[in-house]
2 protein chains.
Amino acid sequence: MENVPDRPAESSRPADTRGQADREFVGGLARGLAVIECFGTDAPELTLTEVAARTGLTPATARRALLTLEALGYVRQNRRRFVLRSKVLRLGAAYLSSMNLKDLVQPQLQALNARFGDASSLTVLEGNDVVYLAHAAMEKRERRLRQSVGSRLPAHAASTGHVLLAHLPDPARAAYLAQAPFPSFTANTPTDAATLQALCDATRANGHALVRDVIEYGVLALAVPIRDAAGRVFAAINCSADSMRTRDEEMLATRLPALRAAANEIGEALARFPALAHSTGI
Amino acid sequence: MENVPDRPAESSRPADTRGQADREFVGGLARGLAVIECFGTDAPELTLTEVAARTGLTPATARRALLTLEALGYVRQNRRRFVLRSKVLRLGAAYLSSMNLKDLVQPQLQALNARFGDASSLTVLEGNDVVYLAHAAMEKRERRLRQSVGSRLPAHAASTGHVLLAHLPDPARAAYLAQAPFPSFTANTPTDAATLQALCDATRANGHALVRDVIEYGVLALAVPIRDAAGRVFAAINCSADSMRTRDEEMLATRLPALRAAANEIGEALARFPALAHSTGI
DNA sequence: GAAATTATTTTCGCAAAGCAAAAAAATCAA
DNA sequence: TTGATTTTTTTGCTTTGCGAAAATAATTTC
């Protein structure tokens with residue numbers, strides 16, 4: 001389900017680069033972004049050689065990218081190790097602030113949170129993950145899993161993921177499912193293509209997705225789609241409660257009408273600020 | 001206080017570009033990042049011409065950058081408007097996940113939150129802003145201002161901002177203060193250089209910063225520095241309470257010892273994962 | 001609708017950035 | 001220390017990408 005065109009930013013064999021050398025493609029930009037993304041939890045500090053290995057760039061090229069990023073303040077070099085700096089958060093902030101989420105969706109999520117005590121969030125699909133764009137939660141529960149804006153969850157293990165996968169165009173969903181099996185987090189995590197396809201079908205038929213103990217034991221979540229003016233699903237919102245204290249029927253009876261109402265209102269609000277809807281899709 | 005070297009990513013006069021043309025600087029990368037950052041709340045969707053105007057790039061160059069970003073999935077073109085896509089959040093996520101904050105600092109902040117009911121957060125300085133890297137809050141209060149990871153506040157109007165500015169090297173602080181006056185949010189917001197300098201001096205002398213109704217009426221916040229092994233301040237944590245219900249003395253008496261203890265523990269924890277400390281600084 | 005205006009795309013010569021490989025530095029072994 | 005290995009930086013040459021301006025396309029104005 002990669003929504004990225006086949007334009008490998010990095011290529012182990014530089015000869016490949018020729019083929020995609022449109023007149024309109026800035027290789028240096030693609031390479032630099034790959035360098036930023038190659039940092040991660042497992043790699044907070046990387047040497048030039050490590051960056052080159054992870055990105056498939058030659059050392060000379062990786063070095064140019066790192067020195068450029070350093071000159072711009074996105075990277076810092078300490079001895080021979082490179083580290084990302086907080087300035088990279090500006091890049092994500094440019095996206096989040098451009099979506100007007102604070103004004104348009106945060107109030108709806110907070111109302112759900114206040115009414116039911118559930119954590120409530122809005123997510124979109126990005127690659128194989130759902131990304132949290134807005135979130136409201138009472139954080140008094142000592143829950144292990146704690147989401148915040150910008151964080152990700154694998155789509156196959158999230159209620160909103162099921163909703164978003166269900167409304168993907170068939171070829172895109174097929175491409176996603178072709179990557180099965182997916183990692184399992186609990187005994188309830190759907191991991192194979194057939195199960196996920198069935199869940200998607202059910203989700204489309206029901207208009208909602210209810211998942212219990214799928215990403216983590218103790219989490220019961222209910223999600224519904226958000227549609228743009230043309231009826232296309234581009235985001236999903238959910239509520240998540242304690243699976244020990246809440247039965248499925250109760251969850252549906254109490255939360256579903258409120259979630260649907262909130263989804264409608266958010267859909268209408270975002271119709272007047274279509275940036276988010278425009279930013280998603282095939 | 002810009003921590004960015006004088007390397008204008010965009011230059012209205014292309015002739016300038018020569019001077020900075022090190023052999024090791026990838027202009028295309030700098031230009032592409034400038035294109036991403038030129039989107040914002042006021043500009044969720046931009047045309048090619050608007051991007052060119054905002055970045056100072058020529059239309060031809062802006063177009064190459066936008067088409068590259070589109071091919072990579074960071075940007076989407078709808079009709080003639082360009083929009084950022086959620087993939088740009090990967091760039092910030094690379095930073096956040098590389099800092100191991102979830103494991104090392106989140107528990108401390110949650111303990112503070114649980115004990116006092118205050119919102120508690122860890123921030124670093126980035127340009128003129130403090131950036132939230134971790135946050136714990138009971139979101140039941142219907143507070144207008146709601147922070148989350150990655151969000152920003154102007155340093156002159158934040159408790160952690162005062163702490164971080166106070167421990168800046170003198171020339172960096174002078175460069176920051178030279179930008180005064182700063183915008184005012186309440187009658188209590190310090191806006192001029194002299195006032196801010198005095199607040200910094202007091203903060204350094206006290207080892208903490210207490211601000212009341214500075215960013216917003218109703219917010220009372222107390223911040224303390226976090227130091228690395230060498231004693232250098234690279235981050236700050238704070239608690240923020242309801243300014244109506246809490247007097248200054250009470251805030252100091254109850255929160256300060258706990259904040260200092262948490263700051264010490266975080267400092268020690270991060271000494272073993274020095275990526276964050278290394279990522280900040282001059 | 002036609003004309004004027006504005007926006008986007010293409011073209012082209014020159015400068016910049018890519019790769020491969022060699023040279024230099026740094027690190028590691030003994 | 002010295003010598004072997006790895007990592008980083010430099011170099012020569014080629015390809016890519018930039019800016020200015022021309023050409024095309026889209027909007028707006030009348």
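All values below were derived from every heavy atom in this structure, side-chain atoms included, with hydrogens, water molecules and symmetry-related copies excluded. Keep in mind it's a predicted model, so treat the numbers as computed, not measured.
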Before you tell me yes or no, could you show the steps for A/Gln179 and A/Asn128 under side chain to side chain donor-acceptor pair (under 3.5 Å), namely the whole-Å CA-CA distance, both residues' side-chain angles and the distance that decides it to 0.1 Å? CA-CA 9 Å; A/Gln179 300 171 66; A/Asn128 287 353; 2.8 Å; yes
Where is the tightest heavy-atom contact between B/Leu101 and B/Leu133, given as atom of each residue plus distance? CD1-O, 3.5 Å
My understanding is that only residues two or more places apart in sequence, or in another chain, count here; which of them pass ring-ring contact (aromatic ring centres under 6.0 Å, His included) with A/Phe185? A/His156
D/dT7 P sits how many Å from A/Arg81 CZ, rounded? 11 Å
Contacts of A/Phe234 that satisfy ring-ring contact (aromatic ring centres under 6.0 Å, His included) - sequence neighbours left out: none
Write down the distance between CZ (A/Phe25) and P (D/dT15), rounded to a whole number of angstrom. 19 Å
Roughly how many Å is it from CD in A/Glu50 to C1' in D/dT6, rounded to a whole number? 13 Å
Restricting to nitrogen or oxygen on both sides, can you table the protein-nucleotides 22-29 of chain C pairs closer than 3.5 Å?
from	atom 1	to	atom 2	distance (Å)
C/dA26	O3'	A/Arg80	NH1	3.1
C/dT27	OP1	A/Arg79	NH1	3.4
C/dT27	OP1	A/Arg79	NH2	2.4
C/dT27	OP1	A/Arg80	NH1	2.9
C/dT27	O5'	A/Arg80	NH1	3.4

B/Arg31 CZ - D/dG17 C1' separation (whole Å): 8 Å
Output the rounded distance in Å from CG (B/Leu66) to P (C/dA7). 16 Å
Set out, line by line, the N/O atom pairs under 3.5 Å between protein and nucleotides 9-11 of chain C.
from	atom 1	to	atom 2	distance (Å)
C/dT9	OP2	B/Arg63	NE	3.0
C/dT9	O5'	B/Arg63	NE	3.4
C/dT10	OP2	B/Arg63	NH2	3.2

Are the side chain of A/Arg152 and the backbone of A/Asp129 linked by a donor-acceptor contact shorter than 3.5 Å? no
Can you pull the salt bridge (charged side-chain N to carboxylate O under 4.0 Å, His left out) pairs that have at least one residue in residues 57-69 of chain A, sequence neighbours excluded? A/Arg63-B/Glu24
Atom CG of B/Leu57 and atom C1' of D/dG17 are separated, to the nearest Å, by 13 Å
Using atom types as modelled, flag every donor-acceptor pair under 3.5 Å from a side chain in residues 163-171 of chain A to any protein atom, sequence neighbours excluded.
from	atom 1	to	atom 2	distance (Å)
A/His167	ND1	A/Val163	O	2.9
A/Asp170	OD1	A/Arg173	NH2	2.6

Under 3.5 Å donor-acceptor, B/Thr41 side chain and A/Ser97 backbone: yes
A/Leu67 CG to D/dT10 P, in whole Å, measures 10 Å
